[in-house]
Amino acid sequence: MENKEFTNFIHDIIDEDNESGKHGGRVQTRFPPEPNGYLHIGHAKSICLNFGTAIKYGGKCNLRFDDTNPSKEEDEYVRSIREDVHWLGFDWAEREFYASDYFEELYEFAVELIKLGKAYVCELSATEIREFHGTLKEPGKPSPWRERSIEENLELFERMRSGEFEEGKYTLRAKIDMSSPNMHMRDPVIYRIMYAHHHRTGNKWCIYPMYDFTHCLSDSLERITHSLCTLEFEVHRPLYDWFLDELEVFHSRQIEFARLNLTYTVMSKRKLLMLVKEGYVSGWDDPRMPTICGLRRRGYTPESIREFCDRIGVAKRDSMVDLALLEHCLRDHLNKIAPRYMAVLNPLKVIIDNYPADKTEYLEAINNPEDPDAGSRMVPFSREIYIEREDFMEDAPKKFYRLTPGSEVRLRYAYFIQCENVVKDAEGNILEIHCTYDPASSGGNSPDGRKVKATLHWVSIPTAFKAEVRHFDNLLTVSDPATEDKDFLELINKDSLHILENCPMEPALKDLKAGERIQFERIGYYCVDSKDSAPEKPVFNRTVGLKDEWARMQNR
RNA sequence: UGGGCUGUAGUAUAAUGGUAGUACAGCGGAUUCUGGUUCCGUAUGUGGGGGUUCGACUCCUCCCAGCCCAGCCA
């Protein structure tokens, strides 16, 4: 795959392991989402890293659902995660695993730990555990139940499993070090009692293992060689290693990397959920959302997301990636694959006075200048057309080289025209403009070789159909919400959706399929919305605009 | 500050004791039937001090800054 040329500190570690023969050259990774929400672009980084690393080293990557908390996890999320990972272009073959597949083994590991004198059943309440836990600067105090006999622990743990106790009454804790400067080593809870229905095991269990206990052992059971996770788990690593060492099982190596942050975007599940719940967006797949399903609906290609993930690199320092890089990768791919069409977003009527009133001719237009195989199509042209209002100026600055009274421009694939007359209403608003064309410039070139400074897109009025176009802005008004003093709510862009109704389009645009990606010439890349489009009534989402040198000049 | 981690152009990364490079963004130009694409050029950087060394982004040391950890969440 394309990431062969990319390297990072994790691959350096793998190279060292391969050289020392640590795993006999075998590389096995896993992508371990908790099925409690939708995947977003941050997960894409992890997916590309885990699957990409496996591909690079000829290894395998498992998809493992980390489903140890039945109160939060649902099957709907499992389905969406599967769909999104597949859509991104990765395949886990038959290796779709669930931490819940290992509940029986994990239980046995816990029993083993008790037998080793390394775990005990604790009767402290949640509040008491917190009180005994100490603080960052003060050591904790040992639980009064810490020195129970192995026999008693075994018996109580079994009774926990059999449902004899109410929720929260007992926990199983690892017996490590209550005075450790690492809070995670102060006798962490490894099993809790929960009477909840689990999406896969139903009501079979009423005790559920905690993350720290589950994750390392799941990695071990799957013989994961390199367990890649985000930075916040760095302080968990001693515990990860402790379980594997005490139980003397296959030892995976946890390696942490920095999660993705993107400018003008939020990635936290909580904040994303808030945007959905409070109605700032229409749902998880709203085209403004950084979720995989949102990006998909927006018109992103999996290739562009993978390219982006390759190019941002992998490191340990917290970082904030410029959205512009993602958009660059997007445009780069879309430029190669998106067929071009003409549509006018803000129409201005143009009447070509010297063109026959009853005539319609069909002109050949190239579908994609970047792709000869894309062929061409015939576009209808007639006396009355729409052009973009921004493409005409009565009193234009020097740098404006579109249509002005007295200048000549080209209508793409059609003719050269000149503006002769401007019709206005009583308030001085321009209603329409009258032009003349040069019949000799048919197809867009003049036989005398004279040049024009601009080429305009246009739509013939009699054959036009009108459609809805949606433009999206960033969900946030600031690039990095973490550095702002304000509440998250105040940073939300309340004006991130712009709907343009009745935009005239060339006829060919009527027959596109949902999800199809195209370019409106000179405007941007769009796709047919997969939810709100109807047959012959497409709704177009702006995926990303074309770079706009003119707009940039005006902003300066 | 109890512990852990991280500091390289605006941003993201490379250089693993030997010329600080690449990409995006920026700026300037060329080409162009998309002010798109493409091409060329250009400015900007090793958090700070001390040390080791012929030579330090790299090793040592002190300092500074930022991030993570006190869920029966993951």
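Just so we're on the same page: letters track the sequence lines, and every chain starts at 1. All values derive from a computational prediction rather than experimental measurement.
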Q: What's A:Ser319 touching, base or sugar-phosphate or nothing? Going by heavy atoms closer than 4.0 Å.
A: sugar-phosphate
Q: Taking 4.0 angstrom as the limit, do A:Arg64 and A:Glu222 come out as a salt bridge?
A: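 A salt bridge links A:Arg64 with A:Glu222.
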Q: Assess, by modelled atom type and distance only, whether the side chains of A:Gln254 and A:Ser227 contain a donor and an acceptor separated by less than 3.5 Å.
A: no
Q: In whole angstrom, give me the gap between the P atoms of B:G3 and B:U42.
A: 50 Å
Q: State plainly whether the residues A:Arg259 and A:Glu232 are in salt-bridge range, i.e. N to O under 4.0 Å.
A: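 Yes, charged N to carboxylate O under 4.0 Å.
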Q: Check if the side chain of A:Glu370 and the base of B:G36 share a donor-acceptor pair of N or O atoms closer than 3.5 Å.
A: yes
Q: Looking for any heavy atom pair under 4.0 Å, which part of the strands does A:Leu326 touch: base, sugar-phosphate only, or nothing?
A: nothing
Q: Could you work out the separation of B:C54 and B:C68 based on their P atoms and round it to a whole Å?
A: 43 Å
Q: If pairs are Watson-Crick or G-U with both distances under 3.5 Å, what is the dot-bracket string of RNA chain B, marking crossing pairs with [ ] and pairs to another strand with |?
A: .((((((..((((....[..)))).(((((.......)))))....(((((..]....))))))))))).....
Q: Pick the nucleotide of RNA chain B nearest each of A:Met210 and A:Tyr401; which residue has the one closer to the 5' end?
A: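 With A:Met210 and A:Tyr401 compared, the 5'-side residue is A:Tyr401.
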Q: State whether A:Tyr107 and A:Arg161 meet the cation-pi test: NZ (Lys) or CZ (Arg) under 6.0 Å from the six-membered ring centroid, and within 45° of the perpendicular axis.
A: yes
Q: For B:A65 versus B:A23, give the span between their C1' atoms, rounded off to a whole number of Å.
A: 27 Å
Q: How would you label the glycosidic angle of B:G28: syn (within 90° of 0) or anti?
A: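 Nucleotide B:G28 adopts anti.
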Q: P atom, B:G66 versus B:G29: distance in rounded Å?
A: 42 Å
Q: Work out which heavy atom in A:Arg146 is nearest to a heavy atom in A:Lys175; give both atom names and the distance.
A: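 Closest pair (atom of A:Arg146, atom of A:Lys175, distance): O-NZ, 3.5 Å.
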Q: Could you tell me how far apart A:Phe9 (CZ) and B:C57 (P) are, to the nearest whole angstrom?
A: 23 Å
Q: Can a cation-pi geometry be assigned to A:Arg148 and A:Tyr120, taking NZ or CZ under 6.0 Å from the six-membered ring centre and within 45° of the ring axis?
A: no
Q: Identify which nucleotide among B:G35, B:C68, B:C24 has an atom closest to any side-chain atom of A:Glu549, counting heavy atoms from C-beta outward.
A: B:G35
Q: Does the ring of A:Trp550 meet both stacking tests against the six-membered base ring of B:G35: centre distance under 5.5 Å and plane angle under 30°?
A: yes
Q: C1' atom, B:G50 versus B:U44: distance in rounded Å?
A: 28 Å
Q: What interatomic distance, in whole Å, is found between C1' of B:U46 and the corresponding atom of B:A20?
A: 8 Å
Q: So is A:Lys271 actually on top of A:Phe488's ring, under 6.0 Å and inside 45° of the axis?
A: yes
Q: Report which part of the nucleic acid A:Gln519 touches: base, sugar-phosphate, or nothing (heavy-atom distance under 4.0 Å, all strands).
A: base
